[in-house]
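One structure, as structure tokens, below. Some questions next.
Numbers restart at 1 for each chain; the letters A, B, ... are given by sequence-line order, proteins then strands.
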Protein chains: 2
Amino acid sequence: MKRVSLDMIAKEVKLSKTTVSMVLNGKGDLHKINPDTQTLILSVAKRLKFRPNMIARNLSTGSSMTLALIVPRMIDTYYGLIAESMEQILSKLGYQVLLGTTHEDPVKEKELLLTFEAQQVDGILIASTQHNLEDIKAISDAGLPIVLFDRHYPEADLPYVVVDNYLGAQKLVRHLIEAGRKNIGYIGLNLDLTAIKDRQIGFENAIEDHVKDQHNLKIVDHKNAKSDCRQAVEELILDQGVDGIVFETHYLALFGIAKIREMDVDYPNAVSIVSFGDHEVFSIFRPEVTALVQPVEKIAQNSIDMLMKQIENKLNSTSKLHEVVEPSMEVRST
Amino acid sequence: MKRVSLDMIAKEVKLSKTTVSMVLNGKGDLHKINPDTQTLILSVAKRLKFRPNMIARNLSTGSSMTLALIVPRMIDTYYGLIAESMEQILSKLGYQVLLGTTHEDPVKEKELLLTFEAQQVDGILIASTQHNLEDIKAISDAGLPIVLFDRHYPEADLPYVVVDNYLGAQKLVRHLIEAGRKNIGYIGLNLDLTAIKDRQIGFENAIEDHVKDQHNLKIVDHKNAKSDCRQAVEELILDQGVDGIVFETHYLALFGIAKIREMDVDYPNAVSIVSFGDHEVFSIFRPEVTALVQPVEKIAQNSIDMLMKQIENKLNSTSKLHEVVEPSMEVRST
DNA sequence: ATTAAATACTAAATCGGTTTAGTTAAATAA
DNA sequence: TTATTTAACTAAACCGATTTAGTATTTAAT
């Protein structure tokens, strides 16, 4: 039950494995191999069901046709969508996807990066914890193509594709203001991520421009997101008397909505809410939840384009390796 | 910027790469390498930041420490959870995960299987489309360990871990009956999967045992699940006058709930619903949705255990490679 | 004093491809 | 007729590890 190798085919057709290799790689004409010989090799390979050992090929070529995808979580439907989108695109390009999840743990992320590098991946797509600049730079400097998506290191000159978090937060606030809300609260996470910071600053600035009030900005622990978020909702509504809340992520919105519904509040009339990031159920909830949509497919496609440019070494001086995509409002009932 | 290889270390310490290889693999004592030599090699490897080329190692050992995970979709939170769970466990075992999604397309699945086989994965975990028995059997027969989870081929003797779909459907019906429902409907998919069939048969049998009525079983096209499901809900309620509906999957439940809420129905009093498969928002919806929970972690763990048994060749005659895990009811408000 | 055994190491084969640098024989050019 | 090209193919190096089958030296046993 031994696998069919190049050598076996070579023996079968009584030619060298060089010739066989060339023909099977479609380089027969290039190397002036007799058309009849080519036909013969091809037919024998087919008959013996030859499938090249990719590991051997990879060792020889130095390329593995494999890319690494590193995300914080998969349960988060946002990353699920990203993963699915990327896998689809890469599969069409002939690449395979090695998956890694960090759970926001920089140590795990570092391990993954090193493993994937040793595994000779051709490139890395990563939504980083943003606590591994050294390792990521080292990898990039070593010549391994990498694209940071969703989260990036603004201080470093590494290729990235991110969403305009600042603008997004402003859009959310603007929506609430246009809906006549006067006292807007915000619930965010205590994650040390640029994306998160930008949203918070975007919120604060949008608020300051339009409605003069105290900031109502609540930061909750990402490890106790559910209970902390519920408490934040209670404080915002009962203590601060807000009439609108911006949730920094879709799952904070999910937690928050649950809490609001349990409270004695006229939702969404007395308190309206909006979410940074859409979720499949927002259009199923009654009332439907207004959300800011992150263009997943675009992020996936652009990240991959950027990675391919590096892999194909088609970088010229005009190649732009920083991209900020604009999120769009999906205005529903809240 | 050349990578550090065994040879370079060997040259540095003026020893053969055999010795270096042995020491770095922790087999120094086994091969009676002088402790001092070992210390030296270890320190030099560390200083030069040696990271073995896995591709080379894989070619040599024939094992890649990589497993393939093939699922229909990632957007489906169920598979997202499975993927996350498996990645976590496998990562701890030192394995890497190659991800593939089929979108229920047997052709894509076949491609993935062949690619992963060529890629020399050490094993395959697959929630199959159930339309590739030949290829899966071929792979298994060729000695590549494989475990089917979530979906299996009952006619073939391949290792699998599945949930008891028949029992699950019965539990759901029983719940509705115990809640006093007399006329229960069912909305399922037109997928040719054992899991799906079992649920439908489970439903029919549970109904026949307890409530004499017409079957109210609606099958919708999985490609038009949303609109077809909405229509099915309408028909069941308006034409059949059901007072309870069993949804075959969590996303059918999601679609159905949205429709019911738009209808002039006293939900959940006049019509109660239950879902085969839980969803993160079911406990956030008001009313909270009663669902049958598939033990994701258990499925992931058991599938991996079963795969490891094959990989480690620890199969003895008592090894059972078929496992049916029992789902549990999460009774909430509906 | 010889043999056997243990210690500490290494040369070279191997995995299965790709690729470089040829080789041989026939065809064409000078 | 000899030199040059071209066609058609191949030997062997290479990728970077693992592993088998040794070798040389020292130590222990008889």
Euclidean distance, Met54(A) CE relative to Thr61(A) OG1, rounded to 0.5 Å: 9.5 Å

Could you check whether the rings of Tyr160(A) and His322(A) sit parallel, tilted or perpendicular, using 30° and 60° as the cut-offs? parallel

Kindly compute the distance separating OG (Ser128(A)) from CG (Leu112(A)), expressed to the nearest 0.5 Å. 11.0 Å

Counting only side-chain nitrogens and oxygens, does Asn58(A) get under 4.0 Å of the OP1 or OP2 atom of dC15(D)? no

For every nucleotide of nucleotides 21-29 of chain C, 5' to 3': is a protein heavy atom under 4.0 Å from its base (B), only from its sugar-phosphate (S), or from neither (-)? ---------

Test side-chain hydrogen bond (donor to acceptor under 3.5 Å, both in side chains) on Gln119(A) and Ser64(A); report intermediate values, then the result. CA-CA 8 Å; Gln119(A) 197 74 23; Ser64(A) 62; over 6 Å; no

Nearest-angstrom distance from the residue atom CG of Leu40(A) to P of dC9(D): 10 Å

Residue list, salt bridge (Lys or Arg N to Asp or Glu O under 4.0 Å) with Asp135(A), at least two apart or on another chain: Lys110(A)

Taking OP1 and OP2 of dT18(D), is either one under 4.0 Å from a side-chain nitrogen or oxygen of Asn25(B)?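 Checking dT18(D) against Asn25(B), a side-chain N or O does come within under 4.0 Å of OP1 or OP2.
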
For residues 111-121 of chain B, which residues have at least one heavy atom under 4.0 Å from DNA chain C? none

Salt bridge flag under 4.0 Å for residues Arg151(A) and Glu104(A): yes

Determine, for Arg73(A) against Asp76(A), whether the closest basic-nitrogen to carboxylate-oxygen distance falls under 4.0 angstrom.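 Yes.
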
Sorted by number, residues from residues 60-67 of chain A placing a heavy atom under 4.0 Å from DNA chain C are Ser60(A), Thr61(A)

List for me each residue that meets side-chain hydrogen bond (donor to acceptor under 3.5 Å, both in side chains) alongside Asp150(B), sequence neighbours excluded, and say none if there are none. Tyr78(B), Tyr79(B)

As an exercise, state the distance from CD of Glu87(B) to OG1 of Thr101(A), rounded to the nearest 0.5 Å.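 Atom-to-atom, Glu87(B):CD and Thr101(A):OG1 are 3.5 Å apart.
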
Rounded to the nearest angstrom, tell me the gap between atom CZ in Arg57(B) and atom C1' in dC15(D). 16 Å

Which one, dA8(D), dA17(D), dT18(C), comes nearest to the side chain of Leu6(A)?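 Of dA8(D), dA17(D), dT18(C), dT18(C) is nearest to the side chain of Leu6(A).
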
Could you grab the distance from atom CG of Leu321(A) to atom CG of Leu307(A), nearest 0.5 Å is fine? 10.0 Å

Under a 4.0 Å threshold between the charged nitrogen and the carboxylate oxygen, would Glu155(B) count as salt-bridged to Lys137(B)?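 Salt bridge absent between Lys137(B) and Glu155(B).
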
Enter the distance from Leu40(A):CG to Thr19(A):OG1 here, rounded to the nearest 0.5 Å.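 One finds 11.0 Å between CG of Leu40(A) and OG1 of Thr19(A).
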
Selected nucleotide, minimal atom distance to Leu15(A) side chain, candidates dC9(C), dT10(D), dA17(D):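 The answer is dT10(D), which lies nearest to the side chain.
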
Measure from the side-chain N and O atoms of Asp122(A) to the backbone N and O of Ser63(A), and report whether any donor-acceptor pair falls under 3.5 Å.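 Judged by distance alone, no pair lies under 3.5 Å.
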
Are the side chains of Val162(B) and Thr194(B) in contact, using a 4.5 Å heavy-atom criterion?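 Thr194(B) does not reach Val162(B) side chain to side chain.
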
Atom-to-atom span, CG of Leu59(B) to P of dC14(D) - whole angstrom: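 Checked: the CG to P distance equals 17 Å.
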
Asp29(B) CG to dT7(C) P, straight-line distance once rounded to whole Å: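 Computing the Asp29(B):CG to dT7(C):P distance gives 12 Å.
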
Atom pair OG (Ser85(A)) and CD1 (Ile304(A)), whose distance is rounded to the nearest 0.5 Å: 7.5 Å

Any side-chain N or O of Ser21(A) under 4.0 Å from OP1/OP2 of dT18(C)?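 For Ser21(A), the contact criterion (side-chain N or O under 4.0 Å from OP1 or OP2 of dT18(C)) is met.
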
Taking 4.0 Å as the cut-off, does a side-chain nitrogen or oxygen of Ser5(A) come that near to OP1 or OP2 on dG16(C)?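 No, no such contact exists.
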
At less than 4.0 Å, is any side-chain N or O atom of Lys17(B) found next to OP1 or OP2 of dT19(D)? Yes or no. no

Look at the side chain of Asn34(B) and decide which nucleotide, out of dG17(C), dC9(C), dC9(D), has an atom nearest to it. dC9(C)

When you measure from the side chain of Ser16(B), which nucleotide among dC9(D), dA11(C), dG16(C) comes out closest?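 Shortest atom-to-atom distance from the side chain points to dA11(C).
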
Taken to the nearest whole Å, NZ/Lys27(B) to C1'/dA8(C) is 18 Å

Using whole Å, what does the distance between atom C1' of nucleotide dT10(D) and atom NZ of Lys14(A) come to?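 Result: 17 Å.
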
Whole-Å distance separating the CZ atom of Phe50(A) from the P atom of dG16(C): 11 Å

For Ile41(B) and dC9(C), what is the distance between atoms CD1 and C1' respectively, to the nearest whole Å?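 Spelled out: CD1 on Ile41(B) to C1' on dC9(C) is 10 Å.
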
In degrees rounded to 10°, what angle is found between the helical axes fit to the five outermost pairs at each end of the helix from dT2(C)-dA29(D) to dA30(C)-dT1(D)?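 For the helix from dT2(C)-dA29(D) to dA30(C)-dT1(D), the axes at opposite ends meet at about 60°.
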
